[in-house]
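This chain uses plain numbering: 1 for the first residue, then up along the sequence. Not measured: the values here are computed from a predicted model.
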Amino acid sequence: PAKNATGGVIPNNYIVASDYGTVDCCFKNFDYQDQVFLLTNSTPETAAASAAPSPGAASLNLDFSSSKAGTVLDKFGAGTGFGQVQKNAANSQYDPSLINLDTTTGRLALTSTGGSNSDGTNTQTNALESLFNASTGNFRIGTRIVGPFTALNVQNEQQAVYFGPDQDNHLKAEVEYSNGAVKFTIWLEQNGTGTIVQQTTVANLVNATSVDLYLDGNSTTKTFNVFASVNGGAEQSLNSTAIAVSGNWFGVSVPAGILVSHDNGSAFTANYDNFVVTSRP
């Protein structure tokens, strides 16, 4: 809504702005508004869209103990609790036959494909995600992955938690097979170009019974810190300096979720115990 000099809303007037390009093309750079218009004598056709749930909302706390109506379905038609699937370049992002919600054990099983959302590949399948309001304060995105991780034995095979606007702009914390061992990897991709921020080797990580991964976002500094816990132990930092991002990462409706990929290897099944987005100081 357009406002006057004292902050009052001007009835039936709106500010309309656009940054050139689309998220599916190489021209989107998420920098500034290239076009700004004053739209006058107008009213919305529908009610204004509300912001996504805030960190700490019940819908963002998934323990996989029950089916959730209106959410992404598994192969048996049970609702996983996630609101959507990250779009890929071929519109082949969803394959319910590779998703299994086991409400008895409280686990969500994802079977990998060779697809990936790293760099320009953009063929990732079943990157399950939910939207939340990342604009109101600091937040933590977390998940627990069930071990052991012996199925990760070929370069780039991974199980991850991620956050970011789309397939070309995201931050991933991964349990990944890299250069002969299972390691923690932080991957940052912006505008379709990705880089390994940092890798951490942990003794016998391959045989861990569980791993908790956390992405901590700071809405003031627009930075992230990444943490992990092995076998329910103390958290350890996975990055030596804060990870800065640019663009519309801290908006009112931004996705976060989980994914698996075998990229160069063969299919394996990853089991997730939970997924949660909470607020933090």
Side-chain angles (χ1 to χ4, degrees), residues 74-75 80 82 85-86 88-90 92-100 107-129 141-164 167-168 170-189 192-215 226-231 236 238-239 256-275:
D74 78 346
K75 62 182 179 181
T80 61
F82 289 98
V85 181
Q86 185 186 76
N88 69 21
S92 59
Q93 58 269 8
Y94 177 46
D95 184 349
S97 70
L98 303 177
I99 307 171
N100 183 19
R107 292 178 178 175
L108 179 65
L110 301 180
T111 299
S112 67
T113 70
S116 171
N117 64 354
S118 297
D119 286 325
T121 307
N122 293 342
T123 54
Q124 178 68 48
T125 301
N126 293 336
L128 304 183
E129 59 186 30
I141 302 162
T143 192
R144 171 167 286 187
I145 311 175
V146 180
F149 300 95
T150 50
L152 302 180
N153 52 25
V154 176
Q155 187 74 10
N156 298 333
E157 290 183 334
Q158 63 183 257
Q159 305 175 35
V161 61
Y162 71 91
F163 169 81
Q167 62 185 350
D168 288 326
H170 57 264
L171 175 69
K172 291 191 288 188
E174 309 168 352
V175 179
E176 179 185 35
Y177 188 88
S178 178
N179 298 321
V182 174
K183 305 175 182 178
F184 289 124
T185 300
I186 302 174
W187 173 268
L188 175 64
E189 183 166 334
T193 300
T195 184
I196 294 176
V197 175
Q198 199 160 325
Q199 285 190 317
T200 303
T201 301
V202 176
N204 204 33
L205 180 60
V206 65
N207 291 314
T209 57
S210 69
V211 163
D212 295 281
L213 295 173
Y214 303 105
L215 302 174
V226 182
F227 298 88
S229 170
V230 179
N231 297 332
Q236 58 179 304
L238 298 184
N239 57 297
I258 58 175
L259 62 82
V260 300
S261 172
H262 63 249
D263 200 0
N264 301 307
S266 56
F268 65 92
T269 298
N271 287 283
Y272 288 81
D273 250 358
N274 59 45
F275 175 83

Original post:
Would you find a donor on one side and an acceptor on the other, under 3.5 Å apart, between the side chain of Gln124 and the backbone of Val260?
Top reply: yes
Subject >> Main-chain N/O of Gly114 paired to His262 side chain as donor or acceptor, under 3.5 Å >> reply: yes
Subject >> Inter-residue atom distance Tyr177.OH - Lys183.NZ, 0.5 Å rounding >> reply: 9.0 Å
**OP:** Could you tell me whether a side-chain N or O of Ser210 sits under 3.5 Å from a main-chain N or O of Ile145, the two making a donor and an acceptor?
**Re:** no
Original post:
Do the non-hydrogen side-chain atoms of Asn117 and Asn88 ever get within less than 4.5 Å of each other?
Top reply: no
Original post:
Without hydrogens or angle criteria, can the side chains of Gln159 and Tyr272 be said to hold a donor-acceptor pair below 3.5 Å?
Top reply: no
Subject >> Expected output: side-chain Asn264 to main-chain Gln155 donor-acceptor under 3.5 Å >> reply: yes
**OP:** Applying side-chain contact (heavy atoms from CB on, under 4.5 Å), run through Trp187 and Thr195 and close with a yes or a no.
**Re:** CA-CA 6 Å; Trp187 173 268; Thr195 184; 5.7 Å; no
**OP:** List in chain and number order the residues that pass side chain to side chain contact (heavy atoms under 4.5 Å, CB included) with Val85, two or more places apart in sequence or in another chain; answer none if no residue qualifies.
**Re:** Val72, Gln93, Tyr94, Leu128
Original post:
Nearest heavy-atom pair of Arg144 and Asn274: which atoms, and what distance?
Top reply: N-OD1, 3.0 Å
Subject >> Gln158 side chain near Thr185 side chain, heavy-atom distance below 4.5 Å >> reply: no
Original post:
Do Ile99 and Lys75 have side chains that get closer than 4.5 Å, going by heavy atoms?
Top reply: no
Subject >> Glu189 versus Gln167, closest heavy-atom pair with distance >> reply: OE2-O, 3.4 Å
Original post:
Looking at side-chain heavy atoms only, is the closest gap between Phe275 and Leu108 below 4.5 Å?
Top reply: no
Original post:
At their closest point, which heavy atom of Ala109 faces which heavy atom of Thr269, and how far apart are they?
Top reply: CB-CG2, 3.8 Å
Subject >> Leu213 CG to Leu238 CG distance, which is reported to the nearest 0.5 Å >> reply: 7.5 Å
Original post:
Run the side-chain contact (heavy atoms from CB on, under 4.5 Å) check on Leu171 and Ile186 step by step: do they pass?
Top reply: CA-CA 7 Å; Leu171 175 69; Ile186 302 174; 3.8 Å; yes
Original post:
Is there a donor-acceptor contact under 3.5 Å linking the side chains of Ser178 and Gln199?
Top reply: yes
**OP:** Please tell me if the side chains of Asn204 and Val202 come closer than 4.5 Å, counting only heavy atoms from C-beta onward.
**Re:** no
Subject >> Distance-minimising heavy-atom pair for Ala256 and Ile141 >> reply: CB-CD1, 3.7 Å
Subject >> Minimum-distance pair of heavy atoms, taken over all atoms of Ala173 and Leu215 >> reply: CB-CD2, 3.8 Å
Subject >> Partners passing salt bridge (charged side-chain N to carboxylate O under 4.0 Å, His left out) against Asp74 (at least two apart in sequence or in another chain) >> reply: none
**OP:** Carefully, step by step, assess Leu152 and Glu176 under the rule side-chain contact (heavy atoms from CB on, under 4.5 Å).
**Re:** CA-CA 7 Å; Leu152 302 180; Glu176 179 185 35; 6.0 Å; no
**OP:** Side-chain contact test, heavy atoms from C-beta onward, threshold under 4.5 Å: evaluate it for Asn126 versus Phe82 and give yes or no.
**Re:** no
Original post:
What's the shortest heavy-atom distance between Phe268 and Glu157, and which atoms?
Top reply: CE2-CB, 4.2 Å
Original post:
Do Asp119 and Thr121 meet the criterion of a side-chain donor-acceptor pair at a distance under 3.5 Å?
Top reply: no
Original post:
Heavy atoms, side chains only, cut-off 4.5 Å: are Glu174 and Tyr162 in contact?
Top reply: no
**OP:** Please report the C-alpha distance between Leu110 and Leu259 in whole Å, then the side-chain angles of each, then the deciding distance to 0.1 Å, and finally whether the side-chain contact (heavy atoms from CB on, under 4.5 Å) criterion is met.
**Re:** CA-CA 8 Å; Leu110 301 180; Leu259 62 82; 5.9 Å; no
**OP:** Decide yes or no for Val211 and Phe149: does some side-chain heavy atom of the first lie under 4.5 Å from some side-chain heavy atom of the second?
**Re:** yes
**OP:** Could you grab the distance from atom OG1 of Thr80 to atom CG of Asn100, nearest 0.5 Å is fine?
**Re:** 11.5 Å
Original post:
For Asp168 and Asn122, does a side-chain donor sit closer than 3.5 Å to a side-chain acceptor?
Top reply: yes
